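Report on one structure; see the data block that follows.
What you see is a predicted model; the values in this text were computed from it and never measured. Letters go in sequence order (proteins before strands), and every chain restarts at 1.
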Amino acid sequence: MRIVGFAPFAVLIACARPGAEDRSFSVPPRENFDAVSSVLHARCGSLDCHGRKERNLSLHGKNRLRLSPDDRPGVDGGVTEGGEHDANYASVVGLEPELMAQVHAERGYRPERLR
Amino acid sequence: MRSGRLAVVLLLGVSGCFDPVHEERVTSLGPEAPGVEEGELHRPGQPCTVCHGDKGPGSPSFGIGGTLFESDSERTPLVGASVRLIDERLRTLVLTTNEVGNFYAESDEFSLSFPLWVSVDWGGRSVDMLTPVFRAASCAECHADPAGPASVGHVYFEDRP
């Protein structure tokens, strides 16, 4: 009987949505992020690691996952588009926004918290 | 009441084993090609370890596997090529492609650790893969056809106009 009584409650928890209220975080500015984006893309963005759309931290760039459906990875002479840097920025600051804001507010103290 | 609890436990156990993402990936590969039976010549160019991985349903389980083609413009299999895999400890494993370009190592004979550097020897020439393999056990996880924003297309040995 206790189990039966618990079941509807469990279903309600499973279906509950997080609060819809807007929240804002003070994260590092987009300005000057292109250089960071290029390093992240080159070091972490291979197609079998963070160069996958399924990853929470998903990275785009010229030799890896592309943002535009018309672009191809690894094409000689390709360039990382501005939109790809924008997407990388959104991915980085959106992964753990609370932690990112905390580290940013403390001027980069203990950045290992972002790992 | 005891049987009710047992049913709940069994239900949790069954639901815990079912992986809908994996099932969808297996299903998305489609049926066997007409006239080709299951075996080492089937499904060239597909991601081997989707089925031949820990979650099945293929058997045996592979540590690594893939398919090589002669050129980027067509899907002629690269037959009899040596695929040289070197891991971070400089341990080497050499595999040979079969009649359809497939190569693989079963899990119990694959002891390399990622990342892997890959080179292919064929016809007296050698070609290195430009980037290491960090974790994909199937070539086609990154080298699926057709090429697209998330795939570079099938693995090929040489450019041909």
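The same ILVMFWY cluster, assembled from side-chain heavy atoms under 4.5 Å apart, contains both B/L112 and B/V133. One hydrophobic cluster, built from ILVMFWY side chains closer than 4.5 Å, cannot hold both A/L65 and A/L67; they sit in different ones. Following chains of ILVMFWY side-chain contacts shorter than 4.5 Å, one can reach B/F114 starting from B/V118, so the two form part of one hydrophobic cluster. Side-chain heavy atoms closer than 4.5 Å link hydrophobic residues (I, L, V, M, F, W, Y) into clusters, and following such links, possibly through other members, connects B/V120 to B/V155. No continuous path of hydrophobic side-chain contacts links B/Y156 to B/M129 [ILVMFWY only; heavy atoms under 4.5 Å].
Annotation: residues 89-115 of chain A contacts chain B through no residue [non-hydrogen atoms, separation under 4.5 Å]. By a heavy-atom distance cut of under 4.5 Å, not one residue of residues 80-110 of chain B is near chain A. Contact annotation for residues 51-58 of chain A against chain B (heavy-atom separation below 4.5 Å, listed by residue number): A/R52, A/R55.
Counting heavy-atom pairs closer than 4.5 Å to chain A, the top residue among B/A136, B/C142, B/G148, B/A150 is B/G148.
Looking at heavy atoms from C-beta onward, B/V152 lies in side-chain contact with A/P73 at the 4.5 angstrom threshold.
Heavy atoms of other residues, nucleotides or ligands lying less than 6.0 angstrom from CD of B/E74 number more than 12. Surrounding CZ of A/R30 are more than 12 heavy atoms belonging to other residues, nucleotides or ligands, all under 6.0 Å away.
Under the ring-ring contact (aromatic ring centres under 6.0 Å, His included) criterion, the residue pairs touching residues 122-149 of chain B are B/W122-B/F157, with sequence neighbours excluded.
Atom-to-atom distance recorded for A/L47:CG and B/T131:OG1 is 7.5 Å, nearest 0.5 angstrom.
The heavy-atom pair separating B/A147 from A/R72 by the smallest distance is O-NE, 3.3 Å.
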